[in-house]
Structures are given as structure tokens and as C-alpha cells.
Amino acid sequence: MKSGFRLMKIRGIDVRLDWSLVIIGLFISFSLAVDYFPAALPGWGAAAYLTAALFSFIGLYASVLLHELAHAVVSQKRGIKVESIVLNFFGGVSNLKEEPRRSRDEFWISVVGPLTSLNLGGAFLILAFLTQASVPALAAIAGYLAVVNFMLGVFNLIPAYPLDGGRILRALVWSRTGNLVKATRWVATVGRGFGWAFIFFGVLIALNGAIFSGLWLAFIGWFLNGSSRMGYAQTIATQTLQGVKVGQVTSQAGRWLGPNTRLDEVAQAFFGTERGRVLPVVENGYLLGVLNLEALRQIKPADWSQTPVSSVMLRRGSLLAYRPDEDLQATIALMTAKPALYAAVIGDGGQFAGLFYLADVPRYIEMQQTLGLLDQNGNRPELPKSDGPSGNEDNSNRPQQPRPLDKVA
């Protein structure tokens, strides 16, 4: 899935700008024009500050582009095709056609990015020092770019997947264990730990008065947490789920709601439901939408008895939907690009077959390993052939008729 617009092509790689870059660009330029440059260049005037801020923003994303190009060039040299580089709200990302096949490839592809940023930081620092007396405006811009490149290099070395530091750590664990899935699971756990730590300290900082800084730190933590989870799901899918269909990992609709059910009747239906799960709203076997806790919270409890599910549900047209026989790996790639944490599964005749959650993929792998259908390296052992019925027919194409929740649907 392509985002934004194409800026240029380098070494056969599309360089694209995401529209979110416009938002962060305006914010960064405004902040520099009203805070940093008036202090660095007193008395120069608003036009000079805006011009310097614009050049600083361009220099910042040129630095990010060089960081990503370093990843891309090393990837190409190691036989991995690079589809595009996207500059976005978070900086940039290199979209590889495939994951590295060897731990040493992963290590060198990952480490070159932070090294590039640190070297750029050193170069800008020298430039700022050399031009401080003769060209103060250039020195101020170079000083800013030195700081942000050092920050970019150091931040990316944090061992939190999917940052470069997390990928470096994954390469080291992968090299030691010889198991990519195990290494990814271990490093993704570390990444989520860093994510929760960022959220905790962000909230703490916000409560102490630095609201913007605290919320920004918490937002980064939320990003790391979600990216670690999705990155792990995508890796194990790539390594272990060849040939698996969406229907085989779909949560069958054991509990569902009718569209005319009142909210006071369904509040308790969420008891025992995991965080982030939704309840499908079904009529005559067809999915109308889903109800989540957030929608329930928007309505005052005093109004629940007068409010039907259909008036607050997330409607079917706004949900991603897939067939049970679609390839699981392709589906995960589409959902992570969206991003979406769950999707509807629609069987033959348009009937509702269940809900597919990304969070269920690791559980599916774990269950397959527990039953001996996958080994610890994600390989499927040879199963003995039987002349009779095996009891293992693939029913993924067969939509399951959901059962109503007692006294609810």
C-alpha cells in the first residue's frame, strides 16, 4: 500500500512523502521560528527566523532520508530488494520486499542507520563550530541539525523493536539461538517494556506540568508498544504461516448481539472479554457491525435501557473484511498497513463467519506448537498418512453459524 506522493527515485527506490509530514513540518518550523532562532540569532527579524526554520526542517528530513538510504543501500548489497522509502510523521521507514534471511544481514542493515545519523551529527557540529563567527545563521542551522542527528542516532539505538536498536538486538539473539521467531518474540517483549516505560514517564511528566513533552513521550511509548506487537505478528506469519488461511485463525462468533438489543442487556456481555475485543452485531446470520466498550462508554448508563445496539455500533461498511480462504500472510500485511487490529470474516453467501484478530496469530502458533503441529523453529513436521478420514479437513471456507448470547440476541 503506497502512501503520500512520490518525491524522487534513487537507486531504483521510490522516495515518497507521507501527508502527515506536512503537519509535523508546520509544527517544527513554527517552533524553531518562535523559540530556537530568536535565542540563537537575536535581532534578526521574523522573516529571517522563518527562512532559517524552513532550511532547518529541510535539513532535518534530508538527514532522515540519508539515514534510510543507508539502510536501503546495505539491503541492496546483501541481495534484498527495497521497494520504497517513506518520510512520515515519525521520521522515515524503508520498505523491504522481504525480511533478511541471515542474522548478520539484519545486523549490518540495522546498524548502518544510527551510524549514519551519528556521523551526520558530528559533521554538522564541525560545520557549526567553523561558521560560528563568520556565518552565524548557518552555524545556528548546523547546530540544530547536529543535535537532532545525535538524538536520532541515539534514539534509534534503543533496543526496542522495531527501532534499529531492537533489530540489532534481534540479530544478536537470532545469531545466538538460530531461531528468528524466538528472537523476535524476545525482542518484541523488550520493545513493549520500553513502550510501557515511555508511557509511564510521559504521564508522570505531564502531571508535573510539562504537558506537551509528557504527552509526546507517552505517544512514542504507545507507538513502540503497538509496533512491537504488530512486528512480532508479521514476523511469525512470514516464517511459520505459509499456506495458512484466515479462516483457520478466526475467532468463531460464539457470542453475538442482535441489533435491537438494549445496551443495559449487553453491558455484562463484555465480562470475560479480553481488552480490545468487540462483540459482533448479527441479524439472520449477516454481520451488521460490532460493538466495543468505547462506544458503550459514550452513552450514560441512565440511557442504556432506551438505546439499541444498532444506534451506537461500528457499522459493517467501516470494517475490514476478508474471506476465510484468503491467505493469512497477505491479510496480516494489509491490516498492519491500515493499521487495524481486527477484521470481519465473511463466508459463502455473505454470512458472518467470525472475527480475525492480529493478537490471535501468536496464540495460534503457540497452540500449533503445543499440539506438535509446529516445532520451535516454526517448521511443520511430517505427519503420518492415513487411508481413512483424518478428521483434519480444512473447514476454513465453511462459515460457522454464530450462537446467540443467552438472553441477549
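All values derive from a computational prediction rather than experimental measurement.
No donor-acceptor pair under 3.5 Å is formed between the side chain of S175 and the backbone N or O of A171. Proximity of a side-chain donor or acceptor of N156 to a complementary backbone N or O of L152 within less than 3.5 Å is detected. Judged purely by atom type and a 3.5 angstrom limit, S84 has no side-chain atom pairing as donor or acceptor with the backbone of V86. Not a single donor-acceptor pair under 3.5 Å links the side chain of Y49 to the backbone N or O of V34.
In this structure, R277 and L293 have side chains that are not in contact, with every pair of non-hydrogen atoms separated by 4.5 Å or more. I168 has its side chain within reach of F107: a pair of non-hydrogen atoms, C-beta onward, lies under 4.5 Å apart. Side-chain contact between R316 and I346 is present, with at least one heavy-atom pair separated by less than 4.5 Å. By the 4.5 Å heavy-atom criterion applied to side chains, P136 and L41 are counted as neighbours. The closest side-chain heavy-atom distance from R11 to V73 is below 4.5 Å. D325 places none of its side-chain heavy atoms less than 4.5 Å from the side chain of V246. Looking only at side-chain heavy atoms (C-beta outward), Y364 and V244 come within less than 4.5 Å of each other. By the 4.5 Å heavy-atom criterion applied to side chains, V82 and Q76 are counted as neighbours.
Of the residues listed (L288, V278, N292), the one engaging M313 in a side chain to side chain contact (heavy atoms under 4.5 Å, CB included) is L288, and it is the only one.
Looking at every heavy atom in both residues, L32 comes nearest to S56 through CD1-CB, 3.7 Å. Nearest heavy-atom pair, H71 versus P114, reported as atom, atom and distance to 0.1 Å: CE1-CD, 4.4 Å. The two residues L287 and P280 come nearest to each other via the heavy atoms CD1-CB, 3.9 Å. The minimum heavy-atom distance between L224 and G191, with the atom names listed, is CB-O, 4.3 Å. For the residue pair A140 and A40, the shortest heavy atom distance occurs at CB-CB, 4.1 Å. The two residues I109 and P100 make their nearest non-hydrogen contact at CD1-CG, 4.1 Å.
When the side chain to side chain donor-acceptor pair (under 3.5 Å) test is applied to S117, the partners found at least two apart in sequence or on another chain are H67. Here A142 pairs with F124, L127, A128 under the side chain to side chain contact (heavy atoms under 4.5 Å, CB included) rule; sequence neighbours left out. A62 pairs by the side chain to side chain contact (heavy atoms under 4.5 Å, CB included) definition with nothing, not counting sequence neighbours. Evaluation of the side chain to side chain donor-acceptor pair (under 3.5 Å) rule for R102 yields D105 as partners, not counting sequence neighbours. Annotation: ring pair (Phe, Tyr, Trp, His ring centres under 6.0 Å) contacts of F27 (sequence neighbours excluded): F212. Under the side chain to side chain contact (heavy atoms under 4.5 Å, CB included) criterion, L320 pairs with Y322, M335, K338, A340, A343, sequence neighbours left out. Partners of R101 according to the salt bridge (charged side-chain N to carboxylate O under 4.0 Å, His left out) rule, which considers only residues two or more places apart in sequence or in another chain, are E98. With sequence neighbours excluded, the residues satisfying side chain to side chain contact (heavy atoms under 4.5 Å, CB included) with K9 are R6, D14. Among residues two or more places apart in sequence or in another chain, the ring pair (Phe, Tyr, Trp, His ring centres under 6.0 Å) test is passed with F57 by Y61.
Pairs engaging residues 25-34 under the side-chain hydrogen bond (donor to acceptor under 3.5 Å, both in side chains) rule: none recorded [sequence neighbours left out]. Screening residues 122-151 for side-chain hydrogen bond (donor to acceptor under 3.5 Å, both in side chains) gives S63-N149 as the qualifying pairs, with residues at least two apart or on separate chains. Residue pairs meeting the salt bridge (Lys or Arg N to Asp or Glu O under 4.0 Å) criterion with at least one partner in residues 168-180, sequence neighbours excluded, are E99-R170, E106-R170.
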### Task
Under the side chain to side chain contact (heavy atoms under 4.5 Å, CB included) rule, what do I332 and L358 come out as? Steps first, then yes or no, please.
CA-CA 7 Å; I332 291 174; L358 284 181; 4.0 Å; yes
#### Entry: From CA spacing to verdict: side chain to side chain contact (heavy atoms under 4.5 Å, CB included), V281, F352
CA-CA 10 Å; V281 182; F352 178 54; over 6 Å; no
### Task
Please step through salt bridge (Lys or Arg N to Asp or Glu O under 4.0 Å) for the pair D360 and R363, ending with a clear verdict.
CA-CA 5 Å; D360 285 342; R363 296 172 187 170; 3.4 Å; yes
### Task
Report the C-alpha distance between L279 and V290 in whole Å, list the side-chain angles of each, state the deciding distance to 0.1 Å, and finish with yes or no for side chain to side chain contact (heavy atoms under 4.5 Å, CB included).
CA-CA 5 Å; L279 293 176; V290 296; over 6 Å; no
### Message
Show, in sequence, the C-alpha distance, side-chain angles and deciding distance for F356 and L328, and conclude whether the side chain to side chain contact (heavy atoms under 4.5 Å, CB included) test is met.
### Response
CA-CA 10 Å; F356 167 62; L328 182 62; 3.5 Å; yes
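Rounding to the nearest 0.5 Å gives a distance of 13.0 Å between CD1 of I158 and CG of L169. Separating the CH2 atom in W196 from the CZ atom in R192 is a distance of 10.5 Å, to the nearest 0.5 Å. Annotation: the span from L217 atom CG to F200 atom CZ amounts to 11.5 Å, rounded to 0.5 Å. Atom OG1 of residue T51 and atom CD1 of residue I141 lie 9.0 Å apart, to the nearest 0.5 angstrom. Atoms CG and CG, from L130 and L125 in turn, are 9.5 Å apart once rounded to the nearest 0.5 Å. The structure places CZ of F30 at 9.5 Å from CG of L50, a figure rounded to the nearest 0.5 Å.
Within a 6.0 Å radius of CH2 in W304, other residues, nucleotides and ligands contribute more than 12 heavy atoms. Heavy atoms of other residues, nucleotides or ligands lying less than 6.0 angstrom from CZ of F150 number more than 12.
Ring planes of F155 and F198: perpendicular class, angle over 60° (limits at 30 and 60°).
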